[in-house]
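Encoded as structure tokens, the structure appears first; notes follow it.
Source: prediction; values computed, not measured.
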Amino acid sequence: QVQLVESGGGLVQAGGSLRLSCTDSGRTFSTLLMGWFRQAPGKEREFVGGIQRTGITTINADSLKGRFTISRDNAKNTVYLQMNSLKPEDTAVYYCAARQGGFIVRVPSAYDYWGQGTQVTVST
């Protein structure tokens with residue numbers, strides 16, 4: 001059984017950093033492809049990036065590349081989203097998600113398991 005719990009969200013000033021964590025309480029984490037999404041008020045859920053079982057990562061948009069980094073620690077059943085140089089437009093609820101399969105997919109419906117989300121608010 002996959003159960004995902006995010007942590008690490010909060011309020012930060014523009015230019016600051018946060019590291020989000022997502023931990024799976026199950027026993028199959030190393031077999032899962034993990035994704036990070038975010039959803040701002042009134043907007044659709046947006047793919048942030050993903051990491052394959054092998055550690056290969058994809059960050060979605062040019063606006064995020066160089067600022068956001070995804071990593072995983074299979075020994076700790078945890079995936080991380082390191083966010084640097086945060087901007088007010090990064091304000092959203094951030095979700096981690098998991099799916100079986102080897103390829104990173106950007107569509108939320110392709111993911112089988114979701115965390116509860118963690119709020120990130122970036123102030124000016």
Side-chain angles (χ1 to χ4, degrees):
Q1 183 73 12
V2 177
Q3 287 190 307
L4 304 175
V5 178
E6 298 107 335
S7 61
L11 174 64
V12 64
Q13 287 189 329
S17 297
L18 282 175
R19 187 177 78 159
L20 306 184
S21 300
C22 172
T23 300
D24 172 27
S25 60
R27 298 184 177 183
T28 61
F29 179 80
S30 63
T31 69
L32 298 172
L33 186 149
M34 303 299 297
W36 283 100
F37 291 78
R38 67 184 183 182
Q39 189 166 18
K43 295 188 177 181
E44 293 186 351
R45 193 162 295 190
E46 174 189 23
F47 176 71
V48 172
I51 184 165
Q52 298 181 21
R53 294 170 292 175
T54 58
I56 296 173
T57 62
T58 296
I59 299 295
N60 187 29
D62 288 341
S63 62
L64 303 181
K65 293 176 182 176
R67 300 193 299 124
F68 287 19
T69 304
I70 297 173
S71 62
R72 67 189 295 161
D73 185 338
N74 287 339
K76 296 183 178 180
N77 283 11
T78 300
V79 61
Y80 304 97
L81 178 63
Q82 178 68 44
M83 305 184 293
N84 300 326
S85 302
L86 283 162
K87 304 175 181 180
E89 51 263 43
D90 295 319
T91 295
V93 177
Y94 283 72
Y95 299 89
C96 69
R99 65 185 296 267
Q100 299 289 351
F103 298 100
I104 294 173
V105 181
R106 302 166 186 258
V107 178
S109 60
Y111 291 77
D112 303 305
Y113 308 97
W114 290 84
Q116 82 285 0
T118 186
Q119 177 71 47
V120 171
T121 302
V122 184
S123 64
T124 56

Self-check item: Rounded distance [0.5 Å steps], OG1 in Thr118 versus OH in Tyr94
Solution: 10.5 Å

Practice problem: Indicate if Tyr95 and Tyr80 have the same hydrophobic cluster label, given that clusters are the connected sets of ILVMFWY residues with side-chain heavy-atom separations under 4.5 angstrom. | Solution: no

Quiz item: Once you round to the nearest 0.5 Å, how far does OG1 of Thr124 lie from NZ of Lys87?
Solution: 14.5 Å

Quiz prompt | Linked, directly or transitively: Val79 and Leu4 (ILVMFWY side chains, under 4.5 Å) | solution = yes

Exercise. Measure from NZ or CZ of Arg45 to the centre of the six-membered ring of Phe37 and say whether it is under 6.0 Å with the direction within 45° of the ring axis.
Key: no

Quiz item: If two hydrophobic side chains count as joined below 4.5 Å and joins carry through other members, does Val2 share a cluster with Leu33?
Solution: no

Quiz item: Below 4.5 Å, heavy atoms only, C-beta onward: do Leu11 and Ser123 meet side chain to side chain?
Solution: yes

Self-check item: Side-chain touch Phe68/Leu86, heavy atoms, less than 4.5 angstrom
Solution: yes

Practice problem: Taking the side chain as every heavy atom from C-beta outward, state whether Gln82 and Leu20 have any atom pair closer than 4.5 Å. | Solution: no

Practice problem: Can you spot which of Arg38, Gln39, Arg106 makes a side chain to side chain contact (heavy atoms under 4.5 Å, CB included) with Glu46? | Solution: Arg38

Quiz item: Can you name the closest pair of heavy atoms from Ser85 and Ser17 and give their distance?
Solution: N-OG, 4.2 Å

Self-check item: Distance, nearest 0.5 Å, that separates CZ of Arg19 from CE of Met83
Solution: 11.5 Å

Quiz item: For the atom pair CG (Asp73) and OG (Ser30), what is the distance rounded to the nearest 0.5 Å?
Solution: 11.5 Å

Practice problem: Compute both the distance and the angle, then confirm whether Arg72 meets the cation-pi test with Phe29: under 6.0 Å from the six-membered ring centre, within 45 degrees of the axis. | Solution: yes

Self-check item: Over all atoms of both residues, closest heavy-atom pair of Ala98 and Leu32
Solution: CB-CD1, 4.0 Å

Self-check item: Tyr111 (side chain) donor-acceptor with Val105 (main chain) under 3.5 angstrom
Solution: yes

Exercise. Check whether more than 12 heavy atoms from other residues, nucleotides or ligands sit under 6.0 Å from atom CD of Gln13, and answer yes or no.
Key: no

Exercise. Check whether any side-chain heavy atom of Arg99 lies under 4.5 Å from a side-chain heavy atom of Met34, and answer yes or no.
Key: no

Exercise. Give the C-alpha distance, both sets of side-chain angles, the deciding distance and a yes or no for side-chain contact (heavy atoms from CB on, under 4.5 Å) between Cys22 and Trp36.
Key: CA-CA 9 Å; Cys22 172; Trp36 283 100; 3.8 Å; yes

Exercise. Measure the CZ-CD1 distance between Arg67 and Ile59 for me, rounded to the nearest 0.5 Å.
Key: 10.5 Å

Quiz item: Has the side chain of Ser109 got a donor or acceptor atom that lies under 3.5 Å from a matching backbone atom of Val107?
Solution: no

Quiz item: Is there a path from Val93 to Trp114 through hydrophobic residues (I, L, V, M, F, W, Y) whose side chains come within less than 4.5 Å of each other?
Solution: yes

Quiz item: Heavy atoms, side chains only, cut-off 4.5 Å: are Leu64 and Val48 in contact?
Solution: yes

Quiz item: When rounded to the nearest 0.5 angstrom, what distance separates CD in Gln3 from CD in Gln116?
Solution: 11.0 Å

Quiz item: If you take all heavy atoms of Ala92 and Ala40, which pair is closest and at what distance?
Solution: CB-N, 3.8 Å

Exercise. Check whether any side-chain heavy atom of Ile104 sits under 4.5 Å from a side-chain heavy atom of Phe47, and report yes or no.
Key: yes

Quiz item: So do the side chains of Val12 and Thr121 get within less than 4.5 Å of each other, counting heavy atoms only?
Solution: no

Quiz item: Given Gln119 and Thr91, is the side-chain contact (heavy atoms from CB on, under 4.5 Å) satisfied, shown in steps?
Solution: CA-CA 8 Å; Gln119 177 71 47; Thr91 295; 4.0 Å; yes

Self-check item: Side-chain donor-acceptor pair present, Thr23, Asn77, cut-off under 3.5 Å
Solution: no

